[in-house]
Amino acid sequence: MMRQNYQEMPNYLRLITTLLLISFIVVPLTLFPHSGFTLHGVSVTYADYWASGVGFLAVMLGVVFPWCGYLFLTKAPQSRHFFLGILLIWLCIDFLFHLSNIDESMFASKLWWSTGIWIGFTLFMRWYLFSHHSVIEYFSSSGASKIQDKFES
């Protein structure tokens, strides 16, 4: 059934769902200790990664995003609302994270560009998930509505 739902999805929704489902790989990459990595030329250790709070956020996204993908596959009526809610929460976290690590030279560049991209992406996803004809058709053909129709007749 999920395979059939996946094949029925509009192309862009299928891409989003695939990306959401494979985002689980963040969890083991975050939880298993490693030697660290370099970010913008700065060496970041495993301890720094967790102390900054980014490790926790990465694990949360590695759990929540695949759940959103699963909800899209099952055509759950609340899946679009759940996904947009996660995007809005992430937007707030991104804004607060940049706001807490700010100096005046960074303010105009990083904070506004990052926030602007998230706002634009969230607005696009809101339009796509709730206004695009093929997505509306995909979710309106859900099993939940067919079961409800059986009870009403």
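Predicted, not measured: the structure shown is a model, and the values here were computed from it. Any value given below was found using the heavy atoms of this structure, including those in side chains, with hydrogens, waters and symmetry copies removed.
- Clustering ILVMFWY residues whenever any of their side-chain heavy atoms sit less than 4.5 angstrom apart, transitively, puts W67 in the very cluster that holds W90.
- Of all heavy-atom pairs between W118 and L91, the closest is CB-CD1, 3.2 Å.
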Side-chain donor-acceptor distances from residues 129-136 under 3.5 Å, at least two apart:
| unit_1 | atom_1 | unit_2 | atom_2 | d |
| --- | --- | --- | --- | --- |
| S131 | OG | R126 | NH1 | 3.4 |
| H132 | ND1 | S134 | OG | 2.8 |

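- Contact detail for L71 and T74: the closest heavy-atom pair is O-OG1, 3.1 Å.
- For the pair F82 and C68, the minimum side-chain heavy-atom distance is below 4.5 Å.
- Residues I86 and F121 share a hydrophobic cluster, clusters being chains of Ile/Leu/Val/Met/Phe/Trp/Tyr side chains in contact below 4.5 Å.
- Using a 4.5 Å cut-off between side-chain heavy atoms of Ile, Leu, Val, Met, Phe, Trp and Tyr, with links allowed through other members, L13 and L19 fall into the same hydrophobic cluster.
- No donor-acceptor pair closer than 3.5 Å links the side chain of Y128 to the backbone N or O of L123.
- Within the 3.5 Å criterion, the main-chain N or O of F72 finds a donor-acceptor partner in the side chain of Y138.
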Side-chain donor/acceptor pairs under 3.5 Å, residues 53-65, sequence neighbours excluded:
none

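- Here the side chains of L20 and F83 are in contact, with some heavy-atom distance below 4.5 Å.
- Annotation for Y70: atom OH does not count as buried by contact number, only 12 or fewer foreign heavy atoms lying within 6.0 Å.
- Here the shortest heavy-atom pairing between R14 and Q7 reads NH2-O, 3.1 Å.
- We find the CG-CG distance between L73 and N5 to be 7.0 Å, quoted to the nearest 0.5 Å.
- With hydrophobic clusters built from ILVMFWY side chains whose heavy atoms lie under 4.5 angstrom apart, V27 does not share a cluster with I25.
- Under the rule for a side-chain hydrogen bond (donor to acceptor under 3.5 Å, both in side chains), Q78 has no partner lying at least two apart in sequence or in another chain.
- Both L15 and L87 sit in one connected hydrophobic cluster of ILVMFWY residues. Membership requires side-chain heavy atoms under 4.5 Å apart, directly or through other members.
- Between E8 atom CD and R3 atom CZ the span is 13.5 Å, to the nearest 0.5 Å.
- Looking only at side-chain heavy atoms (C-beta outward), M9 and F139 stay at 4.5 Å or farther from each other.
- Within 6.0 Å of CZ in F32 there are 12 or fewer heavy atoms belonging to other residues, nucleotides or ligands.
- Side chain of Y6 to backbone of T18: no donor-acceptor contact under 3.5 angstrom is found.
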